[in-house]
Protein chains: 2
Amino acid sequence: MQVKPPKTSIRADNEAAILAAAESVFAEVGFKGATTSEIARRADVPKANLHYYFATKEDLYRIVLQRVLTVWLSAASSMDDNEEPEVALSRYIGMKMDLSRTMPLGSQIWASEIMRGAPMIKDFLETTLKEWVSDHEIVVQRWISDGKIYPVAPKALFFMIWATTQHYADFSTQIAAMNGGAPLSDEEFETARLQVIEMIVRSVVKPPAAPAKTL
Amino acid sequence: MQVKPPKTSIRADNEAAILAAAESVFAEVGFKGATTSEIARRADVPKANLHYYFATKEDLYRIVLQRVLTVWLSAASSMDDNEEPEVALSRYIGMKMDLSRTMPLGSQIWASEIMRGAPMIKDFLETTLKEWVSDHEIVVQRWISDGKIYPVAPKALFFMIWATTQHYADFSTQIAAMNGGAPLSDEEFETARLQVIEMIVRSVVKPPAAPAKTL
DNA sequence: TGACGACTTGACCATTTGGTCAATTCTTGT
DNA sequence: ACAAGAATTGACCAAATGGTCAAGTCGTCA
């Protein structure tokens, strides 16, 4: 199951520790605010050792960002099939909620990269992401033509999905404060997950046509 | 209409220029990433002059944050009355969309403050914001009891509203990229605003009970 | 076992950082 | 007109920053 032979496990271990530390620092204070010494501290290696594995802070950031994009793409493909809108949307929203739960740092890094003007992922936004949106706008348009969902601007729907699901990662501090100070438990999160799916689906999917005459 | 007599207009002008510059820098790179020299550069004053008006970077940040909270509170009160859910929600969502349009930097600063763990507004979250949520949960519960909206977790509804509306501020770079590279025009934004209101309202408000028998 | 490359790290460097200060130049009220 | 406070700013400082380097230690494979 290993993709790359692990060179030495020393290298693999150290790179992993440094990348994990980098992820958490970048998520908290963004690229500009991050310091290599703080990353080294969290990874529990001397700063010089960090620079032995990753030449520059920008290199480190680029690699961390690349993993975020990869994960984003994997979730994105979960909406590809042409199922019924309710099913396709539920699957996609659920997947995004799972991502917010399991990889909140990635979501936060994405957010702070966007907020600083996306200098590093401008290209990704303009090509890959733009294409995903264009492709899926067509799907939504078809659902509208077929009378399955209300006529809505597809982009507004995508933005609502992204915003709401990622909110559970990016604003987890605020959510915890509203939850009596503690992060959502697994059960609480699962409830939220279902609730989000239910609300967003209802926001666009037409209820089944009035049952012809039965009852 | 002036609240404080403007001391000298020199002071007022300089403070305003510095605060505006600070807002834009903090919005882009957060508190940790911001530098006083960059703020001074954007305000077009020497750094020493900036420190003449604001003693420390933290002071500046605190003041900028305070204004964000004030604005947030003014929008929050727009949902207070006990109107029909559709009206109350539409007004509140519309107000939040307006805020995202007119004060996007404030929204971004809020987001980055939350992402770094909200060290500076923890108290606001745990008191003022928590109370607002508690109070309005009651309103939503009543709407549910009255059968006016579907049974939803009030917090999940608030989070969806905040997330979606603030997305138009925090992720404007990404939205522009999806819009062919240009920020939303006034008309495009107005369309989005209406669309967001429509979707969120539909996500919770029950359609009028099947019209008794007419037609 | 020994040699060679991988790994480790304290000391160091130039630059940038937040912030200070004293000397100077306005403004303004009388 | 002029004194007194308000405003301006170049020069400066200690600390922190991203990054380097040389001198070592360790792992492993023949």
Side-chain angles (χ1 to χ4, degrees), chain A residues 2 4-66 109 112-113 116 119-120, chain B residues 2 4-66 109 112-113 116 119-120:
Chain A
Q2 204 103 284
K4 304 175 183 178
K7 303 172 182 182
T8 71
S9 86
I10 291 178
R11 179 174 209 90
D13 289 354
N14 283 333
E15 285 183 353
I18 293 166
L19 284 172
E23 201 174 55
S24 82
V25 173
F26 287 135
E28 267 174 41
V29 293
F31 174 73
K32 184 94 199 305
T35 67
T36 54
S37 38
E38 173 63 15
I39 295 172
R41 219 180 47 74
R42 290 197 199 180
D44 201 34
V45 302
K47 184 162 65 103
N49 203 0
L50 179 152
H51 279 100
Y52 170 73
Y53 287 104
F54 302 93
T56 69
K57 172 174 144 180
E58 195 175 311
D59 276 358
L60 237 189
Y61 186 65
R62 206 185 304 274
I63 291 170
V64 168
L65 252 191
Q66 186 55 58
I109 290 167
S112 89
E113 172 67 11
R116 68 179 190 134
M120 207 103 193
Chain B
Q2 205 104 282
K4 305 175 184 180
K7 302 173 183 182
T8 70
S9 86
I10 291 178
R11 180 173 208 93
D13 289 354
N14 282 334
E15 285 183 355
I18 293 167
L19 284 172
E23 202 175 55
S24 83
V25 173
F26 287 135
E28 267 174 42
V29 294
F31 174 73
K32 184 93 199 307
T35 67
T36 53
S37 38
E38 173 64 13
I39 294 173
R41 220 179 46 73
R42 292 199 198 179
D44 202 33
V45 302
K47 183 162 65 101
N49 204 0
L50 178 151
H51 279 100
Y52 171 72
Y53 287 104
F54 302 93
T56 69
K57 171 174 144 180
E58 196 175 309
D59 277 358
L60 238 189
Y61 185 66
R62 205 185 304 275
I63 291 170
V64 167
L65 253 191
Q66 188 55 57
I109 290 167
S112 89
E113 172 66 10
R116 70 180 189 134
M120 206 104 193

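Computed over heavy atoms, backbone and side chain alike; hydrogens, waters and symmetry mates excluded. Just so it is clear: chains get the letters A, B, ... in the order the sequence lines come, proteins before strands, and each one is counted from 1.
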Asks: Using a 4.0 Å cut-off on heavy atoms, which residues in residues 17-31 of chain A reach DNA chain D? List them by number, or say none.
Replies: none

Asks: What pairs of nitrogen or oxygen atoms, one from the protein and one from nucleotides 13-20 of chain C, lie under 3.5 Å apart?
Replies:
{"unit_1": "C:dG18", "atom_1": "OP1", "unit_2": "B:Ala34", "atom_2": "O", "d": "2.9"}
{"unit_1": "C:dG18", "atom_1": "OP1", "unit_2": "B:Thr36", "atom_2": "N", "d": "3.4"}
{"unit_1": "C:dG18", "atom_1": "OP1", "unit_2": "B:Lys57", "atom_2": "NZ", "d": "3.4"}
{"unit_1": "C:dG18", "atom_1": "OP2", "unit_2": "B:Thr36", "atom_2": "N", "d": "2.8"}
{"unit_1": "C:dG18", "atom_1": "OP2", "unit_2": "B:Thr36", "atom_2": "OG1", "d": "3.1"}
{"unit_1": "C:dG18", "atom_1": "N7", "unit_2": "B:Lys47", "atom_2": "NZ", "d": "3.1"}
{"unit_1": "C:dG19", "atom_1": "OP2", "unit_2": "B:Lys57", "atom_2": "N", "d": "2.7"}
{"unit_1": "C:dG19", "atom_1": "N7", "unit_2": "B:Lys47", "atom_2": "NZ", "d": "2.6"}
{"unit_1": "C:dG19", "atom_1": "O6", "unit_2": "B:Lys47", "atom_2": "NZ", "d": "2.6"}

Asks: Ignoring hydrogens, what is the shortest heavy-atom contact between B:Gly30 and B:Ser112? Give both atom names and the distance.
Replies: CA-OG, 3.7 Å

Asks: Would you mind reading off the distance between A:Asn49 atom CG and D:dG24 atom P, rounded to a whole angstrom?
Replies: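 So the two atoms are 18 Å apart, to the nearest Å.
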
Asks: Check this for me: does any side-chain nitrogen of one of B:Arg42 and B:Glu23 sit under 4.0 Å from a carboxylate oxygen of the other?
Replies: no

Asks: Who passes salt bridge (charged side-chain N to carboxylate O under 4.0 Å, His left out) against A:Glu113, sequence neighbours left out?
Replies: A:Arg116

Asks: If the cut-off is 4.0 Å, is A:Asn14 near the phosphate of C:dT8, judged by side-chain N/O to OP1 or OP2?
Replies: yes

Asks: Taking all non-hydrogen atoms of both residues into account, name the closest pair between A:Ala34 and A:Val25 and its distance.
Replies: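 Minimum heavy-atom contact is CB-CG1, 3.6 Å.
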
Asks: Answer yes or no: does a side-chain N or O of A:Arg11 lie under 4.0 Å from OP1 or OP2 of C:dC7?
Replies: yes

Asks: Minimum heavy-atom separation for A:Lys47 and A:Ala40, please, with both atom names.
Replies: CA-CB, 3.8 Å

Asks: Does B:Lys32 have any side chain to side chain contact (heavy atoms under 4.5 Å, CB included) partners at least two apart in sequence or in another chain, and if so, which?
Replies: A:Val29, A:Thr35

Asks: With respect to the phosphate group of C:dC7, does any side-chain polar atom (N or O) of A:Tyr52 fall under 4.0 Å of OP1 or OP2?
Replies: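 Checking C:dC7 against A:Tyr52, a side-chain N or O does come within under 4.0 Å of OP1 or OP2.
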
Asks: Expressed in angstrom and rounded to an integer, what is the separation of A:Leu50 atom CG from D:dT17 atom P?
Replies: 14 Å

Asks: Can you tell me how far P of C:dT8 sits from CD1 of A:Ile10, to the nearest Å?
Replies: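 About 6 Å, once rounded to whole Å.
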
Asks: Atom CG of A:Asp59 and atom C1' of D:dG19: how far apart are they, to the nearest Å?
Replies: 12 Å

Asks: Pairs in or reaching into residues 30-55 of chain B: which pass ring-ring contact (aromatic ring centres under 6.0 Å, His included), with residues at least two apart or in two chains?
Replies: B:Phe31-B:Tyr61

Asks: Identify, with sequence neighbours excluded, every residue that meets side chain to side chain contact (heavy atoms under 4.5 Å, CB included) alongside B:Ala22.
Replies: B:Phe26, B:Ile39, B:Leu60, B:Val64

